[in-house]
Amino acid sequence: MTDHTSASAQTPEPVSHDAGSADGTVQRRRVLIGGATVAAAGGLLAAGLASASTASASAVTAGTRTGGTRTGGSAAAAAADVCTLTEEVTEGPYWLAGALVREDIREDKDGFEVRYTFTVVDQANDCAPLENALVEIWHADALGEYSGYVGGNGHTEDDDSTFLRGGRLTGSDGQVSITSVWPGHYVSRAVHVHLRVHTDVTLTDDSYTGGSIIHTGQLFFDPDINSEVQALSPYSANTTTETRLDDDGVYDGGGASSGLLTLTALGDSVFDGYAATLTVGVSSS
């Protein structure tokens with residue numbers, strides 16, 4: 001893994017799927033990403049979406065949005081064995097080694113709550129749940145600043161190099177939940193979250209060592225909901241121009257297969273936050 005620990009590396013993220021890591025190596029691992037996830041009766045039902053064209057046709061929990069389309073029906077009806085292979089994308093310039101292993105990564109950051117639930121499944125094992133995989137995420141705060149690189153989006157604030165970063169191990173059902181806030185935007189990129197899946201890590205008191213990275217990807221948000229969020233405080237204090245999802249150089253319009261999250265409102269307004277779900281499949285072979 002490349003350790004981007006120098007603040008001097010503050011540059012806008014590459015906008016190519018082939019950007020790879022800083023040493024020029026292009027990582028082309030194949031991964032499987034589905035839609036919303038449902039666990040039932042001691043087994044896993046992976047709700048997948050094969051492409052943007054099937055995203056709007058798939059039924060998900062009432063009141064959710066997938067790819068900007070509000071859909072209805074029951075969660076049970078959404079369960080499907082659709083498996084879509086897609087290439088991973090660049091980690092970007094803001095990854096830091098040694099993420100804390102924890103459920104809540106917010107620390108003292110303001111923003112609208114997002115409760116992520118990821119289900120990791122193994123394509124090499126008939127899409128069975130992958131246990132003990134470390135799912136790591138990191139993203140910008142409301143002002144578009146990353147911990148460890150504060151100032152890169154033009155704002156000054158305290159930097160402890162750990163806010164809005166962290167991960168957890170999946171359980172026997174392949175699932176993991178992480179709580180954070182809705183990300184802010186920064187120059188040249190649409191709002192997004194970075195995600196990595198590691199296997200065979202060794203846990204320390206509060207972090208991890210070793211292991212292998214089997215997926216590097218990015219997660220994206222419904223553009224209509226995101227527009228509502230970015231117009232409200234604390235996001236409205238962000239002084240940079242926002243890039244729309246359709247204009248992003250990394251998101252390729254593939255819906256859930258490209259990392260578009262399924263969002264379910266936690267209350268009656270954006271202030272109450274959202275649940276965000278995605279099935280991420282990897283091949284252990």
Side-chain angles (χ1 to χ4, degrees), residues 1 17 20-21 25-52 54-55 58-61 66 75-91 99 101 103 115-137 166-178 193-203 208-220 252 254-262 275-285:
M1 294 187 290
H17 289 271
S21 57
T25 300
V26 179
Q27 301 179 5
R28 305 294 284 178
R29 296 187 184 91
R30 305 288 287 180
V31 299
L32 163 73
I33 303 180
T37 58
V38 180
L44 176 69
L45 299 177
L49 300 177
S51 67
T54 59
S58 298
V60 295
T61 305
T66 306
D81 58 351
V82 179
C83 292
T84 302
L85 289 173
T86 187
E87 294 178 358
E88 67 177 21
V89 299
T90 176
E91 73 178 36
V101 177
E103 187 277 333
R115 301 176 188 172
Y116 297 96
T117 300
F118 304 109
T119 303
V120 182
V121 295
D122 186 3
Q123 186 207 14
N125 190 26
D126 296 325
C127 290
L130 183 60
E131 187 176 5
N132 291 324
L134 178 70
V135 178
E136 174 192 4
I137 65 173
R168 297 181 71 199
L169 292 179
T170 57
S172 60
D173 58 359
Q175 290 193 343
V176 63
S177 296
I178 300 174
V193 172
H194 297 268
L195 177 143
R196 266 185 164 168
V197 179
H198 310 247
T199 55
D200 301 321
V201 301
T202 300
L203 297 184
Y208 71 93
T209 60
S212 300
I213 298 169
I214 60 173
H215 172 53
T216 299
Q218 295 185 24
L219 312 173
F220 300 94
D252 63 7
S257 65
S258 300
L260 188 63
L261 294 159
T262 293
T277 58
L278 193 72
T279 297
V280 181
V282 297
S283 179
S284 62
S285 62

(request) Say whether, by atom type as modelled, one donor and one acceptor occur between the side chain of Asn125 and the main chain of Cys127 under 3.5 angstrom. (result) no
(message) Working to the nearest 0.5 angstrom, can you tell me the gap between Arg115 CZ and Thr277 OG1?
(response) 13.5 Å
(message) I'd like to check the side chain to side chain contact (heavy atoms under 4.5 Å, CB included) partners of Asn132; sequence neighbours left out, ordered by chain and number.
(response) Leu169
(message) Side chains of Glu136 and His198: any donor to acceptor distance under 3.5 Å?
(response) yes
(message) How close do Gly174 and Pro129 get, counting heavy atoms only, and between which atoms?
(response) N-CB, 3.5 Å
(message) Using 0.5 Å steps for rounding, measure from the CD1 atom of Ile213 to the CZ atom of Arg196.
(response) 3.5 Å
(message) Quick check: do Gln123 and Val282 have side-chain heavy atoms less than 4.5 Å from each other?
(response) no
(message) Minimum heavy-atom separation for Gly167 and Ile178, please, with both atom names.
(response) CA-CD1, 4.1 Å
(message) If I take atom CG from residue Leu203 and atom CG from residue Leu134, how far apart are they, to the nearest 0.5 angstrom?
(response) 7.5 Å
(request) Would you mind reporting whether Leu219 and Phe118 have side-chain heavy atoms less than 4.5 Å apart? (result) yes
(request) May I ask you to test the Ile137-His194 pair for a side-chain heavy-atom distance under 4.5 Å? (result) no
(request) Tell me, please, which residues at least two apart from Glu103 pass side chain to side chain contact (heavy atoms under 4.5 Å, CB included). (result) Arg168, Thr179
(request) Measure the spacing between OG1 of Thr117 and CD of Gln175 and express it to the nearest 0.5 Å. (result) 6.5 Å
(message) Is it the case that the side chain of Gln218 and the backbone of Thr90 share a donor-acceptor pair, with hydrogens and angles ignored and the cut-off at 3.5 Å?
(response) yes
(message) Side chains of Val193 and Tyr116, heavy atoms from C-beta outward: is any pair under 4.5 Å?
(response) yes
(request) Any chance you could lay out the side-chain hydrogen bond (donor to acceptor under 3.5 Å, both in side chains) test for Asp252 and Ser258, step after step, and finish with the verdict? (result) CA-CA 7 Å; Asp252 63 7; Ser258 300; 2.3 Å; yes
(message) Tell me whether Thr216 contacts the main-chain N or O of Glu91 through its side chain, where contact means a donor paired with an acceptor under 3.5 Å.
(response) no
(request) Tell me, please, which residues at least two apart from Thr209 pass side chain to side chain contact (heavy atoms under 4.5 Å, CB included). (result) Thr202, Thr204
(request) Run through Thr199, Val135, Val121, Thr119 and flag the one making a side chain to side chain contact (heavy atoms under 4.5 Å, CB included) with Leu130. (result) Thr199
